[in-house]
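Values below: all heavy atoms of this structure, side chains included; hydrogens, waters and symmetry mates excluded. In what follows, chains carry the letters A, B, and so on, assigned in the order in which the sequence lines appear, proteins first and then strands, with residues in each chain numbered from 1.
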Number of protein chains: 2
Amino acid sequence: MAVSDLHKYPRPSVAVDVALLTVDEGRLKVALIRREGGDKGGELSLPGTFLHEGERLADAALRCLSDKAGVRGFHPRQLHVFDDPKRDDRGWVLSVAHVDVVRVEDLRKAIENGSLQLIDVELIGNLPYAHEEIVQKAVDAVRRNYLETPDPWGLIEQPFIMSQLRDLHESVLGRQLQRDTFRRQMEPMLQGTEETAVPPSVRVGGEARGRPARLYRRN
Amino acid sequence: MAVSDLHKYPRPSVAVDVALLTVDEGRLKVALIRREGGDKGGELSLPGTFLHEGERLADAALRCLSDKAGVRGFHPRQLHVFDDPKRDDRGWVLSVAHVDVVRVEDLRKAIENGSLQLIDVELIGNLPYAHEEIVQKAVDAVRRNYLETPDPWGLIEQPFIMSQLRDLHESVLGRQLQRDTFRRQMEPMLQGTEETAVPPSVRVGGEARGRPARLYRRN
DNA sequence: GAAATAGTGTCTGTAAGACACTATCGG
DNA sequence: CCGATAGTGTCTTACAGACACTATTTC
């Protein structure tokens, strides 16, 4: 095909939508923004943007997080392309869905100034532009990640103790895990800080009770 | 965002490339076509095409298989979007990679008239437009499919006996499987035709030797 | 000592790997 | 009977689930 053929056909607009997930109050949540203008104005949706000329998809995802949610510095991953011509009433738009997972602390400012709000992923109803499908795919993918690997998205502060890691995995998966089985599964994939151990002063209520735990780092 | 904003920015061309896999001579192979014209003329590559206005990605994948490879009637699945701006020297082109898996009989005509040729996936070298990455992702995805599920892409003729199914899985995975373990894993996911059983006349050399085997169907 | 959490031993059930035995065909 | 393939029994190993015991801390 000659170069000129590239321009014979109309081309679609390409959008990037990002399901930005985090763990807050022990639950997996997704960050939604309130849309401005247009006929979807005021509705909650995922942050998204149109791809600029020559821009990488991952860069567009980072840009829309920065511009629309005021957060930055993460690692979006592609999920799927949504291509239903009737999906977007503004015209012919392909949406490349992405997922990213970040610490809730990195979202605090944006939540406080109203740029975004967190919604429990189990309580997501219908969203504009079929965004609820993107959330579902994102949640499935991230939960699969957390089934076999210790904190693959780096949500936890290092070093950490096993119960902190287990709390995190339980929050992401939305169900309880067995204490002993979880340890035996994860320990070979962690670097044990043999030297150190601290009282679990990090625990709830400021109380520090119980035997001190071994500290670990990711490999 | 207003409708008019959609047209303010330049838009990329969107291509669809398909890794069409099949099993031939006991090996997993990918169908390649020989490119016509352009500076990549004569090189082998995956069949691909540009997305037409209002067209679904899956339909574009089917269209390019029909137009360029002369085969039709399958079920392409999305793999990944390749967005490196330097990937395609013809301009700004996003490629949505797809995978499909079909019976080699459905490709016979196209092979005979030279529309496409089959290459063992283990022998793929560099291809234009980074197509070897697409092949790798396609092979990984299909092999994952065949690890746990009996013939998920429907390559086998029904009804079939267990050794035919195992031969197929061994061809796709590119390694031997255990006879007894394979049966115990797959049998619960199949519908056993209790009534029927035929001599394995389907076997090599026209010879029909050994105990007749139970016939199965997919659920 | 009581309460709380960390770490580990161990029993049971399940499933894969490996091997071998029996079953049923053609010749 | 032999050769060949189908189907299954069983031993071993590994590991998840489940339970309980020991260990180390605060109060």
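- Counting to the nearest Å, the P atom of D:dG9 and the CD atom of B:Q178 are 18 Å from each other.
- If you take CZ of A:F182 and P of D:dA18, they are 16 Å apart, rounded to a whole angstrom.
- One N or O on the side chain of A:R103 and one on the backbone of A:L155 form a donor-acceptor pair closer than 3.5 Å.
- Closest non-hydrogen pair, A:F50 versus A:E55, comes out as O-OE1, 4.3 Å.
- The distance from atom CZ of B:R211 to atom C1' of D:dC2 is 18 Å, rounded to the nearest whole Å.
- Remark: C1' of D:dG7 and CG of B:L190 are 15 Å apart, rounded to the nearest angstrom.
- One interatomic measurement links the two molecules: CG of B:L147 to C1' of C:dA16, which rounds to 14 Å at whole-angstrom precision.
- Rounded to whole Å, atom P of D:dT8 lies 11 Å from atom CZ of B:R179.
- Atom CE in A:M186 sits roughly 13 Å away from atom C1' in D:dA16 (whole-Å rounding).
- Comparing D:dT25, C:dA16, C:dC25 against the side chain of B:Q185 picks out C:dA16 as the nearest.
- Within the 4.0 Å cut-off from OP1 or OP2 of C:dA6, at least one side-chain nitrogen or oxygen of A:S163 is found.
- Residue side chain B:R214 does not reach the base of D:dG7 through any donor-acceptor N/O pair under 3.5 Å, judged by distance alone.
- Screening residues 120-129 of chain B for side chain to side chain donor-acceptor pair (under 3.5 Å), with sequence neighbours left out, gives B:R27-B:D120, B:E122-B:R143.
- Side-chain contact annotation: B:S115 with B:N113, donor-acceptor N/O pair under 3.5 Å present.
- Counting heavy atoms from C-beta outward, B:I124 and B:L32 have side chains that approach closer than 4.5 Å.
- Across all non-hydrogen atoms, the minimal contact from A:L46 to A:H131 is N-ND1, 3.1 Å.
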Give me, pair by pair, the N or O atoms of the protein and of nucleotides 10-14 of chain C that are less than 3.5 Å apart, along with how far apart they are.
| from | atom 1 | to | atom 2 | distance (Å) |
| --- | --- | --- | --- | --- |
| C:dT10 | O4 | A:R184 | NH2 | 3.2 |

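- Nearest heavy atoms, B:P76 versus B:H98: CB-CD2, 4.1 Å.
- We find that CG of B:L177 is positioned 15 Å from C1' of C:dA18, with the value rounded to whole Å.
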